[in-house]
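A short worksheet on the structure shown next.
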Number of protein chains: 2
Amino acid sequence: MARISGSNGARTAAAIRSSARGLIYRHGYAAMNLRELATEVGISPGSLYNHITTKQGLLFDLIAEHMAALLAETDAALAAAGPDPMARLRAFIAHHLLYHFERRQEVFIANFELRSLEPPNHARVVAMRRSYEGRLIALLDAGVATGELDIPDTHVAAYAILAMLTGVCTWYRPDGRLSKEELVALHTRLVLDGVRRHRGEAAARAAPPARPAAKAQGKRARAKTPLSPRRRGG
Amino acid sequence: MARISGSNGARTAAAIRSSARGLIYRHGYAAMNLRELATEVGISPGSLYNHITTKQGLLFDLIAEHMAALLAETDAALAAAGPDPMARLRAFIAHHLLYHFERRQEVFIANFELRSLEPPNHARVVAMRRSYEGRLIALLDAGVATGELDIPDTHVAAYAILAMLTGVCTWYRPDGRLSKEELVALHTRLVLDGVRRHRGEAAARAAPPARPAAKAQGKRARAKTPLSPRRRGG
DNA sequence: CCCGGAAACTAACGTATGTTCGTTTTCAAG
DNA sequence: CTTGAAAACGAACATACGTTAGTTTCCGGG
């Protein structure tokens, strides 16, 4: 009994990827074993190799496809948002969240199984990730240029924003208390209020915890100056 | 040649934990193997079992100790900050970042090897984590109560803030461009501007893209209701 | 109808891994 | 000096895993 009746290469390949996503998401790449994957797909372990090169190749394919899709869809969303920097920033935030809600597993895998990729594969994925971060950094820079945003360091801000937005996936559940739209609204506000230029009360809001004294002196002088450029001793 | 001259139980145990932290941090729990650990410590694989119960027990010990320390030190930092809600919030942010800078490996392990814990161990760590989140939620609630903070949903805000702050550890490097203090200042500002009450321009900034309807009904009544229970599996 | 490839099967290989076991050596207490 | 626990050793066990090999069956094109 081999070559089961009605078997279909494309369908099996899709089932493998789908099951692999779930297994890696739940157990991690290293802890996932191909026998369990084969069982879930409904074929024998050896048959997997009609559709994958190696376990490592399977992981890379899953991650690379996800990253490519994320980049493409993000660009589409930004294009649809038009030229206004703030509109584009809102579009980025909303798209990031909605895409991540939709594909929690892929996102999680791409973020936390990066280290499981062998060097050449690793480098390729990192490059795609950099590219994605670069899009947000560019948006923030654009907002700073128009004066609508007030961000001392757009790189740091971009990483912080991405961490915050991506973090939602770790606890979001479709049947949870809050809808996707509510979460988008909440996080849009959190992000924008964090980077927007506020009238009047500009300075001293990042004052060190202990001393409420340094209240009125700095005004907004340092807002545009780059952060201390060089490293410290050790 | 066994029981090497000058050997010392406590020192070996510490070396095991230290090496295990590094190995799990770099390779992940499942991918770490005890032979490599033993080699790094400088003993034979079997000798590990003079100091650990099982591989799983070692992971649990590492995580549980970290969580206990985090809770204890956080409480100390909050106590030192006095009673003012905003001062306490600043203290929480600063302490969270500094602690996480100091112990990046433990933090990473505690966050991303949770799933590698067997159910009973998993439950105990989750409880500690809940407790930590609870401290921030309480701080936000206190700020809302005094009117200094303006937060539609303190649970969501707390998770978002923790994700943002913890995310810094994924890219912070001691010899990087920004010092710890600068990062604390930047993130304190990002967080506080995200949750602070802004004068005048209060409303409509979180308007949902699609349906602005469900806006005025809940107000902040539901800020206290618990989220739908988190489940592990998919 | 026939035939070659696609896609499945069974079986096994080689290795790696967590863990156990019995032994041996050091050190400190009596 | 004796003794017993602590802490190391080397060896092995049992299993699990990724992967390969050879074989068998179904299906579509000639």
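So that the names make sense, note that chain A is the first sequence line, chain B the second, and so on, each numbered from 1. Below, all heavy atoms of this structure are taken into account, side chains as well, without hydrogens, waters or symmetry copies.
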Measure all distances between protein nitrogen or oxygen atoms and nitrogen or oxygen atoms of nucleotides 11-14 of chain D, and list the pairs falling under 3.5 Å.
residue, atom, partner, partner atom, Å
D/dA12, N6, B/Arg35, NH2, 3.3

Rounded to whole Å, how long is the line connecting atom [atom1] of [X] with atom [atom2] of [N]?
{"X": "A/Leu59", "N": "D/dG18", "atom1": "CG", "atom2": "C1'", "result": "15 Å"}
{"X": "B/Leu34", "N": "C/dG18", "atom1": "CG", "atom2": "P", "result": "4 Å"}
{"X": "B/Ile43", "N": "D/dC9", "atom1": "CD1", "atom2": "P", "result": "6 Å"}
{"X": "A/Leu48", "N": "D/dT20", "atom1": "CG", "atom2": "P", "result": "12 Å"}
{"X": "B/Ile16", "N": "C/dG18", "atom1": "CD1", "atom2": "C1'", "result": "15 Å"}
{"X": "B/Arg11", "N": "D/dA6", "atom1": "CZ", "atom2": "P", "result": "18 Å"}
{"X": "B/Leu37", "N": "C/dT19", "atom1": "CG", "atom2": "C1'", "result": "14 Å"}
{"X": "B/Tyr49", "N": "D/dG10", "atom1": "OH", "atom2": "P", "result": "17 Å"}

Query raised in the report: If you measure from the Lys or Arg side-chain nitrogens to the Asp or Glu carboxylate oxygens, is any gap between A/Lys180 and A/Glu102 under 4.0 Å?
Result: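 Looking at A/Glu102 together with A/Lys180, the answer is yes, because their closest N to O distance falls below 4.0 Å.
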Report task. Look up atom CG in A/Asp75 and atom OH in A/Tyr132, then write down how far apart they are to the nearest 0.5 Å. Result ->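 Here the interatomic distance stands at 10.0 Å.
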Can you list the residues that meet the ring pair (Phe, Tyr, Trp, His ring centres under 6.0 Å) rule with [X], with sequence neighbours excluded?
{"X": "A/His100", "value": "A/His96"}
{"X": "A/Tyr159", "value": "B/Trp171"}
{"X": "A/Tyr172", "value": "A/Phe101"}

Report task. Measure from NZ or CZ of B/Lys55 to the centre of the six-membered ring of B/Tyr29 and say whether it is under 6.0 Å with the direction within 45° of the ring axis. Result ->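 Ring-cation test returns yes.
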**Report entry** Heavy-atom check, side chain of A/Arg21 versus side chain of A/Leu62, under 4.5 Å
**Finding:**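 Result yes, sub-4.5 Å side-chain heavy-atom pair found.
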Can you give me every donor-acceptor pair (side chain of residues 30-40 of chain A, partner residue at least two apart or in another chain, under 3.5 Å) with its distance?
residue, atom, partner, partner atom, Å
A/Asn33, OD1, A/Arg35, N, 3.2
A/Asn33, OD1, A/Glu36, N, 2.8
A/Thr39, OG1, A/Arg35, O, 2.9
A/Glu40, OE2, A/Ser19, OG, 3.3

Query raised in the report: In residues 50-58 of chain A, which ones come under 4.0 Å of DNA chain C, going by heavy atoms?
Result: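 A/Asn50, A/His51, in order of number.
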Query raised in the report: Does a side-chain N or O from B/Ser47 land closer than 4.0 Å to OP1 or OP2 of D/dA7, or not?
Result: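 Result: no.
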Query - Under-4.0 Å side-chain N/O to phosphate OP1/OP2 contact, B/Asn33 with C/dT17 - result: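 B/Asn33 to C/dT17 OP1/OP2: side-chain N or O found under 4.0 Å.
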Query raised in the report: How about B/Arg173: does its CZ atom have over 12 heavy atoms from other parts shown lying under 6.0 Å from it?
Result: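 Atom CZ in B/Arg173 is packed in, count exceeds 12.
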